[in-house]
Amino acid sequence: MIAGLPLSFAEPFLLLGLLSLPVLWWLLRVMPPRPQRIEFPPTRLLFDIALKEETPARTPWWLTLLRLLAAALVILAAAGPIWNPQTGLAGSSVPLVILLDDGWSAAANWDVRIKAADELIANADNDRRGVALVPLSEPARDITVMPGGTARVALRQLAPKPYSVERVETLPAIEHFLKVTGDCEIAWLTDGVDTGRGGEFLEGLSKTIGNRALTIFEGGTPSTLALVAAENAAAKMTVKVLRTDGGVAAGVVRALDQKNSPIGEAHYSFGPQDRETEAAFDLPVELRNDIARLEISGERSAGAVQLLDKRWRRRAIGVVSGSSSDTAQPLLASTFYLTRALAPFADVRLGDRGAPQQVIAQFLDQKLPMMVLADVGTLSPEIRESINAWIEQGGVLVRFAGPRLAQGDDDLVPVKLRSGGRSLGGSLTWEKPQHLAAFAAEGPFAGLAVPKDVTVNRQVLAEPDAALATRSWASLEDGTPLVTGEHRGKGVVSLFHVSADMRWSDLPMSGTFVEMLRRIVDMSGYTSKPGAGVASEATAETVAPLHTLDGFGTFGPPPSTAKPLPADFRDRATPDHPPGFYGPADGPLAVNTLAAADRIAPLDTTNLRARRASYTNAEPRDLRGILLSASLALFLIDAVVVALLGAGIAVLLRRRAAPAALALALVLAALLAAPSPSFADDKDDFAIKATSQTRLAYVVTGNADVDSIVKAGMAGLTLFLAQRTALEAGDPVGVDPAHDELAFFPLIYWPVAPGAAKPPQDAINRIDAYMKQGGTVLFDTRDAIEAPPGEDGASQTPGMLALRNILSSLDVPELEPVPREHVLTKTFYLLRDFPGRFTNGQTWVETLPRGDDDDDASHPARGGDGVSPILITSNDLAGAWALRPDGQPMLPLTPGEPRQREFAFRAGVNIVMYTLTGNYKADQVHAPALIERLGQ
Amino acid sequence: MAAETKHATGEIAAIRRADGESRSLAASLPRLVLEARRIAANVVHGLHGRRRAGAGESFWQYRRFVSGEPAQSVDWRRSARDDHLYVREQEWEASHTVWLWPDRSPSMAFASLQSRDSKLERTLIVAFALAELLVAGGERVGIPGLMNPTASRSVIDKMAQAMLHDDAARLSLPPSFVPSALAEIVVLSDFWSPIPAIRNMLAGLSASGAHGTLVQIVDPAEESFPYSGRVEFVEPEGAGAITAGRAEKWTDDYVARVALHRDEIRNETSRLDWLFSTHTTNRSAAELLLFLHSGMMVSKASARTATVKAGRSA
């Protein structure tokens, strides 16, 4: 054997022939190659040139190397190399004791280990030695010396155990056996993994065997891998991958569901020295909740499998707030406290879009297991009914009090409430703010520490009745309930008598709040399936094994030795409780080979006085054939090279090199150029054109008349802007919302032709995204003059109908006619209205948030937080802006007052400035007051 | 045998090509009016092309026998046709005969990678073009040993035909013949023959007092010797072979040897008052033709002082 390599030679002394290589090298260097033959007319003159010293031209070094390599291969082949030579223990006649590691960590390379053992037994059998086979997982097994044949049968019956094996437990049996047997030779086939008490075993072993010969088989196999500590975190599921030795390695962890169908894969990679790394599954929570089994792809052992049960699932909790304009002060809103309190252990879905009723209906459709209603007042009877049905099926409803709840009255609370709230510590009350007193012993909060610092200023009160005491889960010092709850059907209804924000109490800021919510969340079901609620779960019952893992990590029926375990079993697997699923098939309990905190270490056997051997994972292989044929191939190459070197190839290469390289380059260039069709260039061109300058954009309708007018109009406005303002925009761009990127433009003018078709969904999505990301679309129906007379005639024009069709699938905010104090009227010119070709059309803009106590007079200008994403007019602004090439207006105006066109342009300037500067002008109007305040 | 066949087919191709190219080349030069230098002093002769009977080599006319003339002047073949006796009169020969010798030996087929034409092609192109110009100027052109002097307008065709049907051995140097004293001789060859052979040729041709020009046509590779590594050089005309272990080391010696060879040739020519020049095939053929043209236009004496050279001359 050669150190490090499983390679040996039958006749190693022949390797001395390698010493002849330098001589061969010298000889080869001296031999000249065939000269190049050239017909040269003035050769007669060359005869006259004094003969130069004729040094033989050198053979090219690579040719020499080629020949040397071929010669070396021949010599090596003659020495009879063998790959993976047989490694049997031989030359002794005492019995052979084989210690075999057969814990989960041995499973991955089990075949290699069995093969090594088989070889050992075969060799011992040849020498007529007895064999004792000792699997280290079975301390109780009787150790006997068997003839080789019997030992082989016994070996075949061994299988790796799916749990961690402590070798030290088998030590007494070994000691007893050795004492009886006397002299013997010991071979230990180790898996190289220390699961805790490895050092102890090594010490004991060296004491036990005394001076008997010991051979340790180790190394030569890939590192053992294991999975521990799967965790379903907020954003992803993570699992730790462990291994025993260093080096760079990477692999894949697969996630499977209950039925063994794959859900996802995650890559992991080890740094050079790492023994532990992490794999993360970035999947939607619904998918993550379906994961029942994680396994390292390609690693066949129970330790490389991590089973997950419902404890690893994340619940989705719907939070609905009754107050509508929470977003004004998001950090003080009740949803903020609830989200922060729930996020560590559940996925919170906020219902902040839309009315509470709709959101609740939506959550019910999503079959969430738990809902939190923060100060939601009256609900419609249909919603109430469906909530009730949902609770009966196992839903958990948590409500928080608040002004609206205090006024409302419904049956979705556990106790009957007095209407109106109670304030404590106010100027008109004589009671001090109350502290939290106790948690009910039967309630879900039993055992929580009572915080001293929580005070309650205001609450809703329950009507006292007989059931109140049993339903109250937490109470204040004066005995009034703070939290009440009740089981209804399979579900739970619970009420916090305070609000979820800081107005009524400081409970939402305390850690107790988080713990309380966690307890309630624990009561809820895990999935959307009805009936998975808590109420059905019994506590201290035992669960029987359902199906268990074998040592290789595959499921099978539980072995007869597997015993039921308590439902709250959290430990690692043991011989009595093999890893697998226990309990009912629909909600089993997972038991894993390794607990979350377990780590594996390499077994350090260096202190043990022993022979070392490596697992050879292949048949011995005679390498002579390969070496000889390789050498023959090299000689063939050499022959071809020599034949061609003289003239042929050299000339060919020299003559053809340049054109060939050129042709190759051309072909390559063509290939490279081919897959970049002009489409991508077009896109880039568009983006470069759109972003190199600020440009106004308009939507191309496809109607040539309209498009030419709009184009001229936008050009006219651009010109006007350049003349009057600092904005010197580039030429306007016509865009197609279905294909072009819209994000480059601050304002898109959209002329709506009567009867225009609704854009495709793709375009709608792009427009929606554009508007959400801060862009502004100016819709112009251009038909104010066609409005039929009447109250709402303006909204009945054909253009308006087409616009309504377009907007029906867009998320359009609430609109209002531009109010007098809107910042749009002040961004550049002071305007009262926004005329175009017509003056009677109304201009609509997003409704400004209107504070309750604001009076309009105190605010000369108001702007929202952003720019209105949508402006709607019917005045045909572009028609008024449109100029002919000679600078004259393109279209007449109606009614045609002299200054109407000027005002139309000014309206355009204000709109463009509004989209570019936002609410800046709204702040500017305060400047005089500010300057005055500075003492000027 | 195979090599000869190859050379023969190569020569045919070269002649065909030269046939075409030489015409366009000749058309680009002005009519070559050759000065009859030697007979300039002779008032009687003046310009050549007398167009009347007199002492000359070619047939002019038959005229009636006048009594009193010597009987041997009667042309009996003509007289046998009718009843009169006729005398064959020759044209009064005052024109030049220009003997051209394009070297068509195997060594001329050489073309290195740097050059467009082989030496043979270049030689034929220039010879044909020169012949065309000379004929247009009223001269008679011949190839020694191959074609008698002719003033035919289709001189290129005649030369080409003569070459195509020539089955004699291809010699490097013109065979020895005795041109008239007024004849002009132009030898286009690579002149890689040994100096004694060249000296013999010159002695033979100039014995009658004729004058001429030697143009050495060489390939650029023969000038610069761009070879390296182990090369076996083979003389195409069977004069042997030599192997250079490192050809790049021979370059300097070779260049010096070529210069020496040319000096020797030049010594011979200047002694005989002939012209000698060299032409490299990577230069244009028109350059060489211009040189030959102007070399014949001016008088011999002035040509030597005027350093008109074609291409790189050593």
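Sequence lines set the chain letters: A, B, ... in the order given, protein chains first and strands last, and positions in each chain run from 1. From a predicted model like this one, the values you see are computed outputs, not experimental measurements.
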Exercise. Under a 4.5 Å cut-off applied to non-hydrogen side-chain atoms, are B:Phe225 and A:Leu46 in contact?
Worked result: yes
Seminar exercise, completed: One option among B:Glu232, B:Glu237, B:Glu222 has the most heavy-atom pairs under 4.5 Å with chain A, and it is B:Glu232
Exercise. Measuring from A:Arg44:CZ to B:Ile242:CD1, what's the distance to the nearest 0.5 Å?
Worked result: 13.5 Å
For this session: Heavy atoms only: give me the nearest B:Ser228-A:Gln36 pair and the separation to one decimal.
Result: O-OE1, 4.4 Å
For this session: Determine the minimum heavy-atom distance between B:Gly240 and A:Thr43, stating which atoms define it.
Result: O-CG2, 4.3 Å
Exercise. So which heavy atom on A:Pro41 is nearest to which on B:Trp192, and how close?
Worked result: CB-CD1, 3.9 Å
Exercise. Do the ring planes of A:Phe40 and B:Tyr227 sit parallel (below 30°), tilted (30 to 60°) or perpendicular (above 60°)?
Worked result: perpendicular
Exercise. Which region of B:Ala256, side chain (C-beta onward) or backbone (N, CA, C, O), has a non-hydrogen atom less than 4.5 Å from a non-hydrogen atom of chain A, or is it both or neither?
Worked result: neither
Exercise. Just wondering, do B:Arg257 and A:Pro42 contact through their side chains at under 4.5 Å, heavy atoms?
Worked result: no
